[in-house]
Amino acid sequence: MKRFIPNKMYIPFTYKMMIPYLILVLLTDAVIGYISYTMLIESRTEMAETNIRTAMKQTRSNIEYQLDEIQRMSSTLFSSITFQNALQFEGDQLDMMLKMRDDIIPQMKAPLLLYGNNIRLALYTVNENMLEVSGDDMATPIGRRDYYVLSHHSIENTDWFKSISSTFQDHLWIQVDSDQKLNNISHFRRLVTSSGISSTIGYLRVTARFDELLGNFDTFPIEEGISLRLIDMASGLNLYERGSIDEKASMKSYLSVREEIPGTNFVIETLVPHSYLNKDATRMKKAISTVCFISFLVMAFIGVIVARLSGKKMKRIVTLVQSFQEGNFYKRIGFTGNDEFVHIADSFNQMATSIQDLIKNVYVQGIQKKQAELDVLQAQISPHFLYNTLSTIGSLANLGEVDKVTKMVQALSKFYRLTLNGGNVYITLEKELEQVESYLDIQRVKYADTFKVYFDIEPEIAHIPVIKLILQPFVENIFKHAWFGETIAIRITGKRLGGHIELKIIDNGIGMRPETLKRMLASTIHSDRYGLKNVEERIKLRYGKDFGIHIGSIYGAGTTVQIILPIDEEIIEDLEPLS
């Protein structure tokens, strides 16, 4: 019976989805555009700021190095005993000339030759007999490396010298005479005797150009409004400035980057206008808006085309579903191509004719039959082992070995508790190893200390679930088939290999000849070596054909059984701990 469907306007689902699709595309373009614009502006600002800061560090390093070189130059002359003695020498004019030629002039010229830039080195002597050497006019810009030997009377009446003398300042950087006008700076130092009572024997003044101290200015585009200046923090004065700032503009419109010069009161400051940092913002905004608009139009056009094509196929699928609802399982639909609609159509076409047979014949019956066969094989293990153990317990009871009987009964109880595992197929590797220990405890009662067992299991795989009873059958086979001497050693290892775990049972027993091993692997008969075939088939059933057992054996040297299993995270989450 057909249900009554109200007479409503029919709108295909694909066209209904166009509205949220277009809204989503619009929002996506807007968000991406905004994020792109913000990131580009931030990246541009950060890049410009990083370049300025890098240039500032280079400038600071350059001026710091050159200031250190100038101070080292003055320290060399200050500590030279020969230089001190020459400044204090008293003699006639010829002797004074020779003393200057041999001991004063060479020591002043040597550091000038080593210094890379143009500087002036002036020596003001207290010795009235000292001859004077005048260089270039100090009121003119520094054009070469030059030196002077002058009398201290030439500076003793100047204001700057009186200020220094009155405050006993020494070893300092100042701007004196024409330094400020010429954008120079001078290092001034008093020379004293180092022997006896210290007394002043002269003064050193080393004058350098700011533009050479600060180095290359190419990385500071002053034509873009960037300003670089050197500030004396002690006085608050601008010692040097390159570039200019807009006096009407607020300081908030500039990014201030400062670098202190160690050992001095000087600070290098760069003022970068925010307009320089964001100068490409308008152009980038237009470009991003254009790209986002074009992207929206393209996505909208594609959406309309997809909606029309999908709508046709969807309508035919809806017609087929309605036929199935009416009980008509004979209609079929065919689509050309290779997409989701083709797969849906094929699934519908196969559903009416094959799904019942697939469930009944291929999947359910096949799995049940295989599981039944393996359950029978697994059931063979328990009685076989139980009979032998109970027989041993009976023998020990007849001999009055009460302690041994107790140990074997306890170990047997634990072994079967772990074997049953509450009916669960999976057990953690840790519990599987406990089961092997229980079996070995039983064997220790029988064989005393005639065998050694070593475990080498990585702790991180102890919680991994495995199908139960995959190690004990191989350990039991060692006692039954591999033991040929008085003692035997068994080693059980486990480690993780990517998404798999590898278990090994290794013994130093008699091993197997190649033909014996080949015949055993090829055999399909579950005889006395039922452990191998049973475990092999259970592993392949649970995990697939890519996993299983590999055996290597050397006759007279021992046997190694390797078991490779996958790590199934879903089983790990679902597995309940065994109480």
Strictly below 4.0 Å, N to O, side chains only: are [X] and [Y] in salt-bridge contact?
{"X": "D441", "Y": "R444", "answer": "yes"}
{"X": "R229", "Y": "E269", "answer": "yes"}
{"X": "E432", "Y": "K468", "answer": "no"}
{"X": "D177", "Y": "R205", "answer": "yes"}

Item checked: Intermediate values then yes/no, side chain to side chain contact (heavy atoms under 4.5 Å, CB included), I492 and Y454 -> CA-CA 6 Å; I492 299 176; Y454 305 92; over 6 Å; no
Do [X] and [Y] pair up side chain to side chain, a donor and an acceptor below 3.5 Å, judged on atom types alone?
{"X": "E156", "Y": "Y124", "result": "no"}
{"X": "Q175", "Y": "N184", "result": "no"}
{"X": "S186", "Y": "T207", "result": "yes"}
{"X": "Q107", "Y": "S80", "result": "yes"}

Check: Should the pair R189 and F78 be classed as cation-pi, given the thresholds of under 6.0 Å to the six-membered ring centre and 45° from the axis?
Finding: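 Yes.
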Item checked: Side-chain (S61) to main-chain (K57) donor-acceptor, under 3.5 angstrom ->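 Indeed, once roles are kept as given, a pair shorter than 3.5 Å links the two residues.
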Next item on the list: Determine, step by step, whether I563 and K504 satisfy the side chain to side chain contact (heavy atoms under 4.5 Å, CB included) criterion, reporting the C-alpha distance in whole Å, the side-chain angles of both residues, the deciding distance to 0.1 Å, and the verdict.
Entry: CA-CA 6 Å; I563 304 174; K504 287 185 179 180; over 6 Å; no
Margin query: Counting the benzene-type ring for Trp, do F547 and H500 have ring centres under 6.0 Å apart?
Written below: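 Ring centroids of F547 and H500 are less than 6.0 Å from each other.
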Note to self: Looking only at the aromatic ring of each residue, does the gap between the centers of F188 and W160 stay below 6.0 angstrom?
What the structure shows: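 Yes, they do, as the ring centres are separated by less than 6.0 Å.
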Margin query: Evaluate F451 against T487 for side chain to side chain contact (heavy atoms under 4.5 Å, CB included), listing each step before the verdict.
Written below: CA-CA 5 Å; F451 66 90; T487 61; over 6 Å; no
Next item on the list: Taking all non-hydrogen atoms of both residues into account, name the closest pair between N118 and E212 and its distance.
Entry: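 Heavy atoms of N118 and E212 come nearest at N-OE1, 3.1 Å.
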Item checked: Among L297, I305, V298, side-chain contact (heavy atoms from CB on, under 4.5 Å) partner for F301 ->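 Result for side-chain contact (heavy atoms from CB on, under 4.5 Å) with F301: I305.
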Note to self: For R258, run the side-chain contact (heavy atoms from CB on, under 4.5 Å) check against V267, T270, L271 and tell me which one passes.
What the structure shows: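 Going through the options one by one, the only one that passes is V267.
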